[in-house]
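Worksheet: the structure to be examined is printed underneath.
Numbers restart at 1 for each chain; the letters A, B, ... are given by sequence-line order, proteins then strands.
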Amino acid sequence: MAEVALLEKYLLIGALLFRIGLVGFFTRRNTIIMFLSIEMMLQGVSVSLVAWGRYHNDWGGQILVIFILTIAACEAAIALAVVLSLFHKAGALDIALWQTLREDNQPAFTDPKMPEPRGDDPEWPKLTPAGIEPTADPDEIIHRMHV
Amino acid sequence: MNDTIPILLVLIPGLPLLATIVTAIFGRYVLKENSHLPVVVALVGSFVCSAMLLAEVKLGIAESSKEGSPTANSVGWEVTSNLWTWVQVEDAITTSDVSHAAAATPAPGAEATPLPTSLPFTIEITQRADTLTAIMLAMVTFVSSLVAIYAGGYMHGDRGYWRFFCYIGLFVFSMTMLVSVSNFVLLYVFWEAVGLCSYLLVGFWYQKPEAAAAGKKAFLVNRIGDFGFALGLFLIWTTYGTLNFHDANGVAGVLGQTRLAQPSLIAGFSDSYGAIATAICLLLMLGACGKSAQFPLHVWLPDAMEGPTPVSALIHAATMVTAGAYMVTRCSPLFFASPDAQQVVAIIGGTTAAIGGVIALTQTDLKRVLAYSTISQLGYMFLGLGLGTIAGITSGMFHLFCHAFFKALLFLGAGSVMHAMGGIIDMRRFSGLRKLMPVTNWTFLFGCLALGGVIPFAGFWSKDAIIAATYERGVLEGIAVYKVLYWVATIVAFLTAFYTFRAYFLTFYGEERIPHEAGSHAHESPPQMTWPLRILAVCSLVVGAYFTWTGGFVDFLSKTPSLAFAPLAATAAHGEHSHEAHQLVSIVGTVIALTAIGLAAFLYLGDHTLIGKIKQLSGPLYYLSYGKLFFDPIYYAAFVWPSLQLAKLSYWFDRNVIDGLVNFVGRVPPWLGALLRPLQSGLVQFYGVAMVWGVLVLIVTLLVWPALSAALGN
């Protein structure tokens with residue numbers, strides 16, 4: 001009985017985590033927060049897998065979790081890179097800026113509360129200079145305007 | 001003997017095919033002005049092979065008759081060589097469906113091989129050598145070699161020089177295969193192939209709308225005939241269970257020695273399958289009508305003169321148009337089984353001869369005159385073939401053989417005139433060319449004498465043989481149809497001599513006039529063109545007399561299995577009757593020819609005042625002839641116009657109804673899609689919600705559905 005009670009608790013925790021992640025994913029428009037929500041959903045699933053593994057006395061669940069962690073790490077790398085480049089393009093993290101996948105002739109979603117897009121020449125934070133200043137190739141500067 | 005014949009049979013069509021391929025690949029960029037060389041060399045080689053084949057066949061016949069084998073004497077001599085099997089379908093037809101099984105009571109003395117219960121449908125690429133094939137091959141390759149040499153000069157400087165020789169090679173390949181295959185399906189295949197070459201060559205100058213239209217007309221009119229031919233083949237297959245000419249693998253071929261050796265078979269065929277025999281023959285004859293330009297399908301041939309003149313000489317006078325006569329000769333045992341069909345052949349032949357002769361009287365285009373005379377002469381051949389006696393059939397083939405020489409000569413002569421006149425062929429535009437073109441003049445005169453039937457030229461002997469055979473059947477045996485046809489043939493002989501010499505006098509006599517298109521350099525053609533003329537002129541002088549005196553042609557041809565089988569061969573002997581008939585007919589023929597020539601000379605050599613009066617006197621008759629008996633307008637009103645209207649209706653129906661339906665079906669998916677388009681908002685969260693809802697629906701279904709069905713089940 002104790003085993004079942006333990007399983008139920010863990011499953012509850014997993015479901016809660018998943019639910020929080022889901023709601024976060026639906027309600028937030030900040031890409032990084034959405035991404036974190038996804039991670040949370042993954043962890044919810046992982047917790048239930050570990051719980052089931054414990055309940056069945058089987059290592060399979062834990063092995064799956066290891067896989068999930070690994071893949072989540074890869075995914076994080078890719079997703080962050082995507083987020084970064086999206087940010088460079090749009091200058092903001094709002095996912096509503098990216099609606100171009102919609103059908104032609106469909107009205108765009110516009111949020112009246114959305115902040116104005118930034119100007120053409122934003123002020124980017126600069127790293128504190130340290131060490132010898134690298135000599136930058138002027139061509140490369142032109143190509144990589146935003147960095 | 002049996003080793004060389006198969007090789008020769010492959011070489012004869014193989015060489016032109018090889019030359020065609022070489023010309024097709026290298027003609028345009030490498031050979032250019034020398035494109036005629038491969039084809040000419042191949043055709044001459046092919047002719048040499050044909051001559052060797054002729055000698056081998058003669059040798060083979062001599063040997064087999066020395067051995068005294070009964071088959072050689074009673075059912076002819078043939079050699080077949082099987083190259084490969086093209087199609088094989090096992091158990092295609094059961095023998096009980098085939099009259100073959102009912103009628104195949106083995107001849108006394110022959111081994112009674114039990115027939116299998118079902119026969120396979122096989123098409124073997126089999127070539128045959130018999131006397132008919134050997135003669136046709138020799139004739140075709142000889143004329144085509146000369147025409148190719150001639151064309152090398154005639155077509156010089158044409159943009160499509162290489163293309164022309166490519167087609168000529170392809171044509172000779174198809175034609176030699178046509179006469180040497182031993183299967184009805186293959187005959188049909190090459191029948192179509194020569195039709196294709198004819199189409200390509202008639203429309204050779206495709207920039208000219210008339211040429212393109214003429215090619216199309218030739219092709220379409222031939223379709224009608226070929227349709228009948230195809231139906232005839234189907235009927236042969238269901239009746240006999242085989243399409244081979246020869247006998248193979250325990251199956252008696254349609255025209256094979258085994259089948260022909262059984263007289264009961266032919267008789268039985270005639271009695272119990274009278275309607276089928278007539279149907280087969282009439283359908284085959286329809287095919288022959290299309291290819292050989294017989295009434296009512298003759299209208300394509302005069303238009304086909306839009307093609308280059310060597311093509312008119314080779315394809316539309318000497319070789320391809322005789323394919324129909326060849327086929328009817330090959331199938332003469334079938335026609336022998338159906339006397340009705342035979343009479344139809346003779347009537348069609350006689351009618352065509354008369355129509356061609358009447359129309360040719362008033363045409364002003366030299367090539368058209370020759371075209372109508374070709375139609376008329378082909379009519380003579382069919383008249384001979386429809387007589388149903390060995391004398392009639394051999395005389396028809398003999399006329400085919402002689403006609404090839406002198407008609408090719410006449411066309412090449414006309415081409416030579418056209419070459420000098422800058423492409424003008426209307427006889428009203430030029431005259432008196434005999435000083436200007438001496439060689440063309442005398443060779444053309446030889447051709448005219450042969451066509452007009454003046455002793456001792458070739459046409460006299462062959463036409464005389466046909467008319468004598470008709471006389472024998474009609475007057476001596478008293479068959480009314482043939483009696484009428486005898487008179488028709490005699491009158492047409494008069495017309496022939498008249499229109500031939502009308503054309504000759506108009507072209508070569510009178511004051512010398514040259515159309516301005518010829519410029520100032522109207523001259524005799526180069527030697528490359530005049531030497532073929534000389535050779536053909538000599539041939540049209542000697543072939544008829546030589547073969548008639550020696551009797552070689554008829555004896556030789558009679559060794560073909562189709563002609564040598566007993567019931568037909570039995571019609572040969574009529575002894576002194578035929579001799580009398582020959583004498584009478586040749587005297588009448590000579591008188592008629594000379595009268596006609598005299599009349600033509602009287603009318604056309606002096607001033608042409610009398611002609612105008614005759615035109616006025618004859619009135620509508622003149623316009624009937626000048627308007628080609630109005631076949632074209634009648635056909636246009638009766639067939640072409642309705643077809644055009646039907647085509648227009650179909651076009652409208654296709655455009656509006658069928659396309660409308662298709663377009664409607666095509667518009668439905670976008671319309672349905674438009675309903676779902678708002679779903680694709682491009683918002684990531686919306687997609688996420690849709691996904692979650694979808695998963696929820698699946699889960700609920702999975703949980704609820706079994707419970708629901710269990711509840712309903714209970």
Exercise. So do the side chains of A/W98 and B/L683 get within less than 4.5 Å of each other, counting heavy atoms only?
Worked result: no
Problem set entry | Neighbour count >12 (heavy atoms, 6.0 Å) for atom CG, A/N57 | no
Problem set entry | NZ (B/K208) with more than 12 external heavy atoms under 6.0 Å | yes
Exercise. When you look at A/M34 and B/V684, which way does the side-chain contact (heavy atoms from CB on, under 4.5 Å) test go after all the steps?
Worked result: CA-CA 10 Å; A/M34 286 169 76; B/V684 179; 4.3 Å; yes
Exercise. Is the number of heavy atoms from other residues, nucleotides or ligands within 6.0 Å of OH (A/Y10) greater than 12?
Worked result: no
Exercise. Are any side-chain N or O atoms of B/Q685 and backbone N or O atoms of A/R28, one a donor and one an acceptor, separated by less than 3.5 Å?
Worked result: yes
Problem set entry | B/Y635, OH atom: more than 12 neighbouring heavy atoms under 6.0 Å | yes
